[in-house]
Amino acid sequence: MCIRDRLGCVLVSACHTDLGDENERASGYYSRPWEWERIRGNTAWIVQFHSDDDPFIPVSEARHVAENLGTEYHELHGYSHFFEPFDQLLETINNKAQMQAAAQTNE
């Protein structure tokens, strides 16, 4: 599959550890090494948002994900855990969808 055929991914308040939470640990997501290159290879782009005052996910978690995935990382001020849709998210989705549509039109 060509990279132009793959869609992208938006991460909001991403983490890479179970943060000491028993339920998260039980999920099994955090019990094995992350395959960052493989994850990155499954999508054409990754945009990531994190808030500097997220009460659940420390900024260091998000920065680690961004560094290992090579995301387009946006650290915003004062959005907590993003309980509501936010303009930057909607703009990103709209822009990426327009770029995808334009690329398909030019084929």
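Values below: every heavy atom of this structure, side chains too, minus hydrogens, waters and symmetry copies. Quantities reported herein were computed from a predicted structural model and do not represent experimental measurements.
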Report task. Assess the pair Phe49 and Phe86: is the distance between their ring centroids shorter than 6.0 Å? Result -> yes
Can you confirm whether [X] sits close enough to [Y] that some side-chain heavy atom of one is under 4.5 Å from a side-chain heavy atom of the other?
{"X": "Asp53", "Y": "His77", "answer": "no"}
{"X": "Val65", "Y": "Trp36", "answer": "yes"}
{"X": "Pro55", "Y": "His81", "answer": "yes"}
{"X": "Phe82", "Y": "Leu76", "answer": "yes"}
{"X": "Ile46", "Y": "Leu11", "answer": "yes"}
{"X": "Cys15", "Y": "Phe56", "answer": "no"}
{"X": "Thr17", "Y": "Tyr29", "answer": "no"}
{"X": "Cys9", "Y": "Ile39", "answer": "no"}

When rounded to the nearest 0.5 angstrom, what distance separates [atom1] in [X] from [atom2] in [Y]?
{"X": "Glu37", "Y": "Leu69", "atom1": "CD", "atom2": "CG", "answer": "10.5 Å"}
{"X": "Leu7", "Y": "Asn42", "atom1": "CG", "atom2": "CG", "answer": "12.0 Å"}
{"X": "Asp52", "Y": "Ser80", "atom1": "CG", "atom2": "OG", "answer": "10.0 Å"}

Report, as yes or no, whether the 6.0 Å neighbourhood of atom [atom1] on [X] holds more than 12 heavy atoms from other residues, nucleotides or ligands.
{"X": "Gln88", "atom1": "CD", "result": "yes"}
{"X": "Glu24", "atom1": "CD", "result": "yes"}
{"X": "Gln98", "atom1": "CD", "result": "yes"}

Query - Verdict with supporting geometry, Val10 and Trp45, side-chain contact (heavy atoms from CB on, under 4.5 Å) - result: CA-CA 8 Å; Val10 177; Trp45 51 265; 3.9 Å; yes
Query raised in the report: Can you name the side-chain hydrogen bond (donor to acceptor under 3.5 Å, both in side chains) partners of Asn68, sequence neighbours left out?
Result: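 Partners of Asn68 by the side-chain hydrogen bond (donor to acceptor under 3.5 Å, both in side chains) criterion, ordered by chain and then number, come out as His64.
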**Report entry** Heavy-atom pair with the smallest gap, counting every atom of Leu19 and Pro58
**Finding:**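 Minimum heavy-atom separation between Leu19 and Pro58: CD2-CD, 3.8 Å.
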Query - All salt bridge (Lys or Arg N to Asp or Glu O under 4.0 Å) counterparts of Glu35, not counting sequence neighbours - result: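 Expected list: Arg38.
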Report task. Decide salt bridge (charged side-chain N to carboxylate O under 4.0 Å, His left out) for Lys96 and Glu72; before the verdict, give the C-alpha distance in whole Å, the side-chain angles of both, and the deciding distance to 0.1 Å. Result -> CA-CA 12 Å; Lys96 295 295 187 179; Glu72 180 185 320; 3.8 Å; yes
Report task. Using the side chain to side chain donor-acceptor pair (under 3.5 Å) rule, pick out the option among Gln48, His50, Glu75 that qualifies with Arg63. Result -> Glu75
Report task. Please answer: with hydrophobic residues joined when any side-chain heavy atoms are less than 4.5 Å apart, are Phe83 and Leu90 in the same cluster? Result -> no
Query - Backbone N/O of Gly28 and side chain of Ser31: donor-acceptor pair under 3.5 Å - result: yes
Requested in this report: Would you kindly say whether Asp54 and Ser13 are connected by a side-chain donor-acceptor distance under 3.5 Å?
Outcome: yes
